[in-house]
There are 2 protein chains.
Amino acid sequence: MGRAREKPVRRSVVGAQDRHAALRRIPGEEGTAIDYDVLNAHLGYLIRRVQVWIFQDFIRTLADADIRPAQYSVMVVVGANPGSSQISLSQALGIERARLVRMLHELERRRLIERRRSASDGRSHALHLTGEGIALLATAKALAAEHERNLRQRLGAERWQSLLRLLDGLPS
Amino acid sequence: MGRAREKPVRRSVVGAQDRHAALRRIPGEEGTAIDYDVLNAHLGYLIRRVQVWIFQDFIRTLADADIRPAQYSVMVVVGANPGSSQISLSQALGIERARLVRMLHELERRRLIERRRSASDGRSHALHLTGEGIALLATAKALAAEHERNLRQRLGAERWQSLLRLLDGLPS
DNA sequence: TATTGTTATACTCTATAACTATA
DNA sequence: TATAGTTATAGAGTATAACAATA
């Protein structure tokens, strides 16, 4: 859970210059100072707070494409691995297969993804992006890159790079 | 979303030696290799994966005290700031006040926390731990410290320390 | 028998809106 | 009128169990 944040400012038709407002906010410390005690010594707490903070910017930035983080991860992996099955996608991304079913229903309804019957195994589906899916993924990747540049600027290039290096390959 | 993980092994009466099983697992790479494409270059994705991984161990470790991460953060902060109001707690922890209401209902039902009418402001509640709450918090802190030691060992002391240093004080 | 996709259920957490009682 | 706490609702996301079709 991140610290306090003034009014999430539901973005609607706000221009790109306001897109990363949350990353500029100074949270906490409004009113009486609160003692966090041991919380700030827990890596899990700190990492959770920062994760929520990053995701808020990601969600806001990708809202233009109407794509949420989990949907983005599915689109990216299907795009890079056309024909993969739901079970392998589920395992790769750590999404429960029951949950993935509903996500794919939605993405299929929006004509971004297709489920084709596998030729080799009648039980499994081969997942593919549609033309629209490929186009939307390109847009989403561009927005995600914009988010990433902004995040890098907010954190400072050094800290950003260090975090990438320290976190890549985990859990191990 | 973390990568794949074999069967979460719902802990019930398993001994402490099995408590951190998840932190020892080698996830992913079971079956055909999947291309993660740009995902591993997104700090948000990496940090989310690690956060979920850490929380799974935290939840499993604190299950003995029947305390979830958000409940732990509330108990810790109320313990360190007796008399605080729900609104200041909500702002400090980034928990919606509507959500906090239901959490406090549950903690009050379990006689861990008390809501007392504030003398100075009839609208607000002064939050306090009960005797049982203080005792349970001590147990929870000990379990959390055990989790933290294990995490430190899994990550390596250097990486653990670097992450703490890089993440503390964020978002800023 | 085991696996893939599916449906269903329960619970946690987030986001909002609206209400009440106090200020 | 604003604020603190509350209730209610809708939607993500997680965790499980059970089922049909296929292997």
Side-chain angles (χ1 to χ4, degrees), chain A residues 1-2 4-5 7-12 22 30-31 48 51-53 55-56 58-60 62-63 66-74 84-91 93-106 108 115-127, chain B residues 1-2 4-12 22 30-31 48 51-53 55-56 58-60 62-63 66-74 84-91 93-108 115-127:
Chain A
M1 7 262 70
R5 200 172 308 285
K7 203 164 290 180
V9 182
R10 209 68 188 137
R11 237 167 61 78
S12 42
E30 59 275 273
R48 165 75 177 163
Q51 181 257 303
V52 168
W53 176 64
F55 266 47
Q56 283 177 346
F58 186 90
I59 291 167
R60 194 175 301 110
L62 275 280
D66 195 15
I67 288 287
R68 311 231 350 134
Q71 293 174 321
Y72 177 74
S73 70
V74 165
S84 19
S85 67
Q86 296 184 195
I87 196 74
S88 79
L89 187 60
S90 153
Q91 286 171 353
L93 293 174
I95 301 172
E96 279 297 323
R97 67 196 207 280
R99 167 86 192 118
L100 186 59
V101 167
R102 288 190 299 277
M103 286 183 56
L104 291 174
H105 280 345
E106 172 62 12
E108 205 167 33
R115 287 190 254 215
R116 305 184 191 152
R117 232 46 231 189
S118 163
S120 54
D121 187 335
R123 295 169 302 182
S124 74
H125 290 159
L127 301 173
Chain B
M1 10 262 62
R5 201 172 307 285
E6 303 86 318
K7 201 165 291 180
V9 182
R10 209 65 190 140
R11 237 168 61 77
S12 43
E30 59 276 272
R48 165 74 177 163
Q51 181 258 303
V52 167
W53 175 64
F55 267 46
Q56 283 178 347
F58 186 91
I59 291 168
R60 195 175 299 111
L62 274 280
D66 195 15
I67 287 287
R68 310 230 352 132
Q71 292 174 321
Y72 178 75
S73 70
V74 166
S84 18
S85 66
Q86 298 183 194
I87 196 75
S88 79
L89 187 59
S90 153
Q91 285 171 354
L93 293 174
I95 300 172
E96 280 297 323
R97 66 196 207 281
R99 166 88 191 120
L100 187 59
V101 167
R102 288 191 299 277
M103 285 184 56
L104 292 174
H105 280 344
E106 171 63 13
L107 294 174
E108 206 167 31
R115 286 190 255 216
R116 303 184 193 153
R117 227 55 225 186
S118 163
S120 54
D121 187 335
R123 295 170 301 181
S124 73
H125 290 159
L127 301 173

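These numbers come from the heavy atoms of this one structure, side chains and all, not from hydrogens, waters or symmetry mates. The sequence lines fix the lettering, A, B, ..., with proteins before strands; numbering per chain opens at 1.
Rounded to a whole Å, the CD atom of B:Q91 is 10 Å from the P atom of D:dG5. Protein atom CD of B:E106 is 11 Å distant from nucleotide atom P of C:dC13, rounded to whole Å. Between the CG atom of B:L100 and the P atom of C:dA15 there is a distance of 15 Å, rounded to whole Å. The nearest whole Å value for the distance from the CG atom in B:L107 to the C1' atom in D:dG5 is 16 Å. Following rounding to the nearest Å, B:L104 (CG) and D:dT7 (P) show an atom-to-atom distance of 12 Å. Note: CE (B:M103) to C1' (D:dG5) measures 16 Å, nearest angstrom. Atom CZ in A:R97 sits roughly 15 Å away from atom P in D:dT14 (whole-Å rounding). Between the CZ atom of B:R68 and the C1' atom of C:dT14 there is a distance of 14 Å, given to the nearest Å.
Projected onto DNA chain D by closest heavy-atom contact, B:S85 and A:D121 fall at different nucleotides, the more 5' of which corresponds to B:S85. The 5' end of DNA chain D is approached more closely, in terms of each residue's nearest nucleotide, by B:S84 than by the other of A:Q71 and B:S84.
Contact check, B:R116 against D:dG5: no side-chain N or O comes under 4.0 Å of OP1 or OP2. Applying the 4.0 Å criterion to OP1 and OP2 of D:dT6, one finds that B:Q86 has a side-chain N or O inside that range.
The shortest heavy-atom contact between A:D66 and A:Q71 is O-OE1, 3.8 Å. The two residues A:R97 and A:S90 come nearest to each other via the heavy atoms N-OG, 3.6 Å. Contact detail for B:L127 and B:L89: the closest heavy-atom pair is CD1-CD2, 3.6 Å. Across all their heavy atoms, B:R117 and B:G122 have their closest contact at NH2-O, 2.7 Å.
In the set C:dG5, D:dG5, D:dT16, the nucleotide with an atom closest to the side chain of A:A98 is D:dT16. Candidate nucleotides D:dA15, C:dT3, C:dA15 were compared by shortest atom distance to the side chain of B:Q56, and D:dA15 ranks first. Closest contact between the side chain of A:R102 and the listed nucleotides C:dT9, D:dG5, C:dT4 involves C:dT9. Closest contact between the side chain of A:H105 and the listed nucleotides C:dA21, D:dT16, C:dT7 involves C:dT7. Among the nucleotides C:dG5, D:dA2, D:dG13, the one closest to the side chain of B:R123 is D:dA2.
Between the side chain of B:R99 and the base of C:dT14, no donor-acceptor pair of N or O atoms lies under 3.5 Å.
Looking only at distances, no side-chain donor or acceptor of A:Q51 sits under 3.5 Å from a matching main-chain atom of B:Q51.
Among the atoms of the strands shown, none is found under 4.0 Å from any heavy atom of B:S118.
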